[in-house]
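Keep in mind it's a predicted model, so treat the numbers as computed, not measured. Reminder, nothing fancy here: chain letters follow the sequence lines and each chain counts from 1.
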There are 2 protein chains.
Amino acid sequence: MTDTNTSSKILDAAETLFANQGFHATTLRQITRTAGVNLAAVHYHLGSKQALVHAVFERYLDDLNRQRLRQLENAVTEASGRRLERILEALVEPALLLGGQDDRNFARLLVRAFAENDRDLHRFVRDRYSHVMKRFAAAISEALEQAGEKKPDDAELRRQLDFIVGALTYAMTYDAGDGNPTQVAASLVRFAATALRGTHGSPALTPEPAEA
Amino acid sequence: MTDTNTSSKILDAAETLFANQGFHATTLRQITRTAGVNLAAVHYHLGSKQALVHAVFERYLDDLNRQRLRQLENAVTEASGRRLERILEALVEPALLLGGQDDRNFARLLVRAFAENDRDLHRFVRDRYSHVMKRFAAAISEALEQAGEKKPDDAELRRQLDFIVGALTYAMTYDAGDGNPTQVAASLVRFAATALRGTHGSPALTPEPAEA
DNA sequence: GTCTATACAGTGATAGAC
DNA sequence: GTCTATCACTGTATAGAC
């Protein structure tokens, strides 16, 4: 925010303007004017508007996932009764509850504008943070295995983690008036934990889905 | 597709180009050239590029939700054992399995570009199809109530339906290679049904979330 | 009413001087 | 590294022909 070099000034200005106006509506001229740098500087330092969006996105998500992993480290030491919930909270809470209202606005707009700029941004993000999701999948699998009767099927668990991330991403787009984020986070954790336990817990009662 | 009037020609050309290139990358000049009409025609008939996007979006989602409601009508007549699954299939399958590969590509891109053009497109869609979600919420509530021990809490059920829609929306953005849509649909239905039954079914075993 | 030709201000990008 | 000048192209608006 108070960085002095040109790249950081551009990133900071872009972050603020994107949060208030969205990606598409924000022009490079606005950004460079706000940052107090020349228009051409953004191309020299970042390459293109699309690359600038990537960079802003990356800086935000790097931070988010760092916090998730930190919270996950504490969660996996939890006694088995609530461990699954603690793990899911580590996934959900940094995204929904983090920071002040400004941060939440930014998160919301960032996610809302997810698909705006290029068609493979989604894939870019998924690849960049796949190790985080792998880590969560492993922790969830371990928690279920310890509490349940069998080792969860990996492919099925991956799909389910995607469902949770999808629900979370959708919830991140809520406007301020759309509901209490604390309540939403708690509901999502309960929803996900119940589904995970129910589909992996007791083989006799929950038949495997037909593997097509 | 074979409509002769100018409006339909524009909508058809836009639909195809959007599906192949995304909203943002597609220019009005491309659209009008493909449609064989004058550039100004899009403003005369639709008003703006944003309005054109709305119109294309609307035409697609009207169709999708019509099919959902039709499938829901059959689902609610199902015997109670699998009724919840049938209802969830009515929500999920038209979105994931519908039509040929072109339709699926279009659905994927449409959803991927959900937030692209204006910041309240999300809200626009939610408002326009809220009656569909109300109908599904009522059907799910009824199915749970009949099978379970108590009437589900409406606010909680609404949140959960949002989670399911979020997971579904996310799954709609999968690329062709990302997984078998039939498998994804089946997994999502099972995931959602398990969560719904588990959180609303037996009060003693599944404590209410703290209502903040 | 419907469509065409034309113009306009603003965009992202880039070559080349400093 | 930075800046100016300039480019092709964008969405939009409108005057006027059919």
Side-chain angles (χ1 to χ4, degrees), chain A residues 2-59 109-110 113-121 124, chain B residues 2-59 109-110 113-121 124:
Chain A
T2 57
D3 216 323
T4 110
N5 74 64
T6 303
S7 271
S8 295
K9 280 195 286 188
I10 293 171
L11 285 176
D12 291 334
E15 185 168 309
T16 303
L17 288 167
F18 287 162
N20 290 328
Q21 310 178 341
F23 284 82
H24 189 205
T26 302
T27 69
L28 292 181
R29 284 166 176 82
Q30 279 183 299
I31 294 170
T32 53
R33 212 182 305 130
T34 303
V37 304
N38 187 271
L39 170 63
V42 58
H43 293 101
Y44 178 78
H45 287 282
L46 280 311
S48 66
K49 184 179 182 181
Q50 171 172 310
L52 168 61
V53 171
H54 271 226
V56 171
F57 217 90
E58 207 165 328
R59 195 169 66 159
L109 284 160
L110 214 47
F114 200 2
E116 177 169 342
N117 284 272
D118 66 322
R119 294 163 66 176
D120 46 14
L121 182 55
F124 160 78
Chain B
T2 56
D3 215 324
T4 109
N5 73 66
T6 304
S7 270
S8 294
K9 280 194 287 188
I10 292 171
L11 285 175
D12 291 334
E15 185 168 309
T16 303
L17 288 167
F18 287 162
N20 290 329
Q21 310 178 341
F23 284 84
H24 189 206
T26 303
T27 70
L28 292 181
R29 284 166 178 81
Q30 280 183 299
I31 294 170
T32 52
R33 213 181 305 128
T34 304
V37 304
N38 187 271
L39 170 63
V42 59
H43 293 100
Y44 177 78
H45 287 282
L46 280 311
S48 67
K49 184 180 182 181
Q50 170 172 311
L52 168 61
V53 172
H54 271 227
V56 171
F57 217 88
E58 206 165 328
R59 195 168 67 159
L109 283 160
L110 214 46
F114 202 1
E116 177 170 342
N117 284 271
D118 65 322
R119 294 164 67 176
D120 46 13
L121 183 55
F124 159 78

Response to the item:
From CZ of Phe23(B) across to P of dT10(D) the rounded distance in Å is 18 Å
Discussion item. Measure OH/Tyr44(A) against P/dA5(D) and give the value in whole Å, please.
Written reply: 21 Å
Worksheet entry | Parallel, tilted or perpendicular, as decided by the 30° and 60° cut-offs, for the rings of His24(B) and His24(A) | perpendicular
Discussion item. I need the CG-P distance between Leu46(B) and dT12(D), as an integer number of Å.
Written reply: 11 Å
Worksheet item: More 5' along DNA chain C: Val37(B) or Thr27(A), using each one's nearest nucleotide?
Response: Val37(B)
Discussion item. Rounding to an integer number of Å, can you tell me how far Leu28(A) CG sits from dC9(D) P?
Written reply: 18 Å
Fill in: Phosphate OP1/OP2 of dT2(D): any His45(A) side-chain N/O under 4.0 Å
yes
Worksheet item: Rounded to whole angstroms, how far apart are CZ on Arg33(B) and P on dA5(C)?
Response: 14 Å
Item to complete: Measure distances between side-chain N and O atoms of Arg29(A) and base N and O atoms of dG10(C), and say whether any donor-acceptor pair falls under 3.5 Å.
Response: no
Discussion item. Please report the distance, rounded to the nearest Å, between CG in Leu52(B) and P in dT10(D).
Written reply: 15 Å
Item to complete: May I have the distance from Asn5(A) (atom CG) to dT2(D) (atom P), rounded to whole angstrom?
Response: 9 Å
Worksheet item: What does Ala41(A) touch in the nucleic acid at a heavy-atom separation under 4.0 angstrom: a base, only the sugar-phosphate, or nothing?
Response: nothing
Practice prompt. In whole angstrom, give the distance that lies between atom NZ of Lys49(A) and atom C1' of dT14(C).
Written response: 17 Å
Worksheet item: Does a side-chain N or O from Ser48(A) land closer than 4.0 Å to OP1 or OP2 of dG12(C), or not?
Response: no
Item to complete: Would you indicate what Thr32(A) reaches in the nucleic acid, counting non-hydrogen atoms under 4.0 angstrom: base, sugar-phosphate, or nothing?
Response: nothing
Discussion item. Both His43(B) and Asn38(A) contact DNA chain D. Taking the nearest nucleotide for each, which residue is further toward the 5' end?
Written reply: Asn38(A)
Worksheet entry | Pairwise distance CD1(Ile31(B)) to CD1(Ile10(B)) - rounded to 0.5 angstrom | 8.5 Å
Item to complete: Please tell me which of the listed nucleotides, dG1(D), dA13(C), dT6(C), lies nearest to the side chain of Leu39(B)?
Response: dT6(C)
